[in-house]
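The basis for the numbers below is simple: all heavy atoms, side chains too, and nothing from hydrogens, waters or symmetry mates. Letters A, B, ... mirror the listed sequences (proteins, then strands); counts begin at 1.
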Amino acid sequence: MWSIKGRLSTRLMNICVASLCKAKQLEKAEVVIVDGIRIGVQPDVVTYNTLITAYCRFVGIDAGYSILYRMKEAGIYPDTITYNSLIAGATRYCMLSRCFDLLEEMLEMSILPDIWSYNTLMHCFFKLRKPDEAYRVFQDILLKDISVHPATFNILINGLCMNGYTENALMLFRSIKRHGFIPQLATYNILIHGLCKSGRGKTAREFLNELVESGHIPNAITYTTVMKCCFRCRQFEEGLKIFAEMRRKGYTYDAFAYCTVASMLLKTGKMNEANEYLGYIITNGFDLDIVSFNTIVNLYCKEGQLDIAYKMLHEAEKKGLESDKYTHTIFIDGLCRTGNFKEAQQHLDYMSMMGFDSNLVALNSFINGLCKAGHLDHALRMFESMDAKDSITYSTMVHSLCNARRFRAASKLLLSCIRGGMRILKSDKRGVIDGLRGSGYSQEARKVQSKIRLAKILHD
DNA sequence: CTAGGGTTAG
């Protein structure tokens, strides 16, 4: 009798712990467990699995591991879900080798990996931009005859899109549908998002129709995705209409949609309106995460109010939020706008010290700032020192060198940009050629022109 | 009990 009651209570405790974990209330969850133990309710494997998931997500992978030790000490054996949670934690922080360590540990303990172990591993490969290896995991799943989960396809489609294989994602989507797989709402959301990101708004629209026709009801994610797509295609009216509809339907319960709108307004220079939207989420008690703070900080940086921007950053830190590469990039851009290159450099140094995966955007921003302020040689030195450059790096430099009438330097960079197979704005190419010609370098102008033509032939 | 939406540069 007593033991049945005990098990029932453990289930109740788990429900309680799960909802607290979901709300990031880890301390409260721990209190519930301690209180439970005091009155004789023992935590079980589910309790610890829930904790591991939450600690990995909100604190870090090592915090997740420490729960694993705690449960082992308490004499509770980890199961597949325990390890899946840790693998998900490792994937969150892109730690591929940890994923393999965990898989190995599972096998050593005769805990069999399931479809979720493989799904997560596949996701990790995609996050690390290794689509081939991710696809190999999928083939492995089929080979091992493990039955797939709808999420397997979602992860695949998303991963393919995010790695530039939109066409393959589309083919996969169609082929699994032919094989009788009924796409989930999430599958449609993922595909629509991928299509929007690769600039295929029209196809995205078609799938939005298909989504509705197949009986799904669009959710907040669908709306935000489509709204963003409108803004991308400069259909501002249409996008704002979608936002209004979201409001009517009660889908604006978090800061997501507001931040999308505010960013669009910032990009198009409508500071006052952006201020309104962001003011609304600040004063109306929305739970702001680092992305929301970044959007707000961006507003103040663009307005040149760096002091308020820093105040917001401190507020975010007080909430226990950690600044990310976006935060620093926004500050670098803002500091450059106000001519404070020294402090901008400090943010850059901090980023490389912290090992942020790619600060190319930040460097581009810095270079742009230097150019705008007329420090062309400083910008050039920076440019030369960069080991990775993209088309934006090149166009910024080429454009600025043309403005300074340094056409020969501009043409040199333009040519190396083309050699690298990168695209550059037509107006910048024109600027270089016309500039060379106008300053008496018509032979070099012809050379550049023919190289551009050659690149075009090779590219198409 | 894990995938999917929002934030950065020319």
Looking at residues at least two apart in the chain, or sitting in another chain, which of them share a side-chain hydrogen bond (donor to acceptor under 3.5 Å, both in side chains) with [X]?
X	value
A:R136	none
A:E343	A:Y310, A:N340
A:T393	A:N364, A:D390
A:K426	none

Does [X] reach a base, just sugar-phosphate, or nothing at all? Heavy atoms under 4.0 Å.
X	answer
A:H123	sugar-phosphate
A:N158	sugar-phosphate
A:K197	nothing
A:S395	base
A:T327	nothing
A:T329	base
A:I190	sugar-phosphate
A:K267	sugar-phosphate
A:N154	base
A:D289	base
A:N49	nothing
A:I81	base

ask   = According to the interplanar angle, ranging from 0 to 90°, do the rings of A:F356 and A:Y350 count as parallel (below 30°), tilted (30 to 60°) or perpendicular (above 60°)?
value =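 Aromatic pair A:F356/A:Y350 classed tilted.
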
query = How are the rings of A:F138 and A:F153 set to each other: parallel, tilted or perpendicular (split at 30° and 60°)?
reply =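 Aromatic pair A:F138/A:F153 classed perpendicular.
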
task = List in numerical order all residues of residues 51-62 of chain A for which some heavy atom is under 4.0 Å away from an atom belonging to DNA chain B.
result =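 Here the set is A:T53, A:R57.
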
message = Please list, in numerical order, the residues of residues 215-231 of chain A that have a heavy atom closer than 4.0 Å to any atom of DNA chain B.
response =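 Residues of residues 215-231 of chain A under 4.0 Å from DNA chain B: A:N219, A:A220, A:I221, A:T224, A:T225, A:K228.
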
query = Is it true that A:E245 and A:K249 make a salt bridge, defined as a side-chain N closer than 4.0 Å to a carboxylate O?
reply =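 A:K249 and A:E245: salt-bridged.
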
query = On DNA chain B, which is the earliest and which the latest nucleotide, 5' to 3', with an atom closer than 4.0 Å to a heavy atom of chain A?
reply =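 Terminal contacting nucleotides, 5' to 3': B:dC1 to B:dG10.
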
query = Under the salt bridge (charged side-chain N to carboxylate O under 4.0 Å, His left out) rule, what pairs show up with a residue in residues 111-128 of chain A, not counting sequence neighbours?
reply =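 Qualifying pairs: none.
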
key: Contact list for residues 371-388 of chain A, test salt bridge (charged side-chain N to carboxylate O under 4.0 Å, His left out), sequence neighbours left out   =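 Passing the test, one end in residues 371-388 of chain A: A:D377-A:R406.
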
inquiry  = Going by the rule ring pair (Phe, Tyr, Trp, His ring centres under 6.0 Å), which residues pair with A:Y258 if we only count those two or more places apart in sequence or in a different chain?
reply    =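 So A:Y258 forms a ring pair (Phe, Tyr, Trp, His ring centres under 6.0 Å) with A:F243, A:Y280, A:F286.
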
With a 3.5 Å cut-off and sequence neighbours excluded, list the donor-acceptor pairs that the side chains of residues 291-301 of chain A form with protein atoms.
unit_1: A:S292; atom_1: OG; unit_2: A:D289; atom_2: OD1; d: 2.8
unit_1: A:N294; atom_1: OD1; unit_2: A:T327; atom_2: OG1; d: 2.8
unit_1: A:N294; atom_1: ND2; unit_2: A:I290; atom_2: O; d: 3.4
unit_1: A:N294; atom_1: ND2; unit_2: A:D324; atom_2: OD1; d: 3.1
unit_1: A:T295; atom_1: OG1; unit_2: A:V291; atom_2: O; d: 2.9
unit_1: A:N298; atom_1: OD1; unit_2: A:K302; atom_2: NZ; d: 3.0

Show every donor-acceptor pair shorter than 3.5 Å between a side-chain atom in residues 225-234 of chain A and any protein atom, with sequence neighbours excluded, or say none if there are none.
unit_1: A:T225; atom_1: OG1; unit_2: A:I221; atom_2: O; d: 2.6
unit_1: A:R232; atom_1: NE; unit_2: A:C196; atom_2: O; d: 3.4
unit_1: A:R232; atom_1: NH1; unit_2: A:K197; atom_2: O; d: 3.4

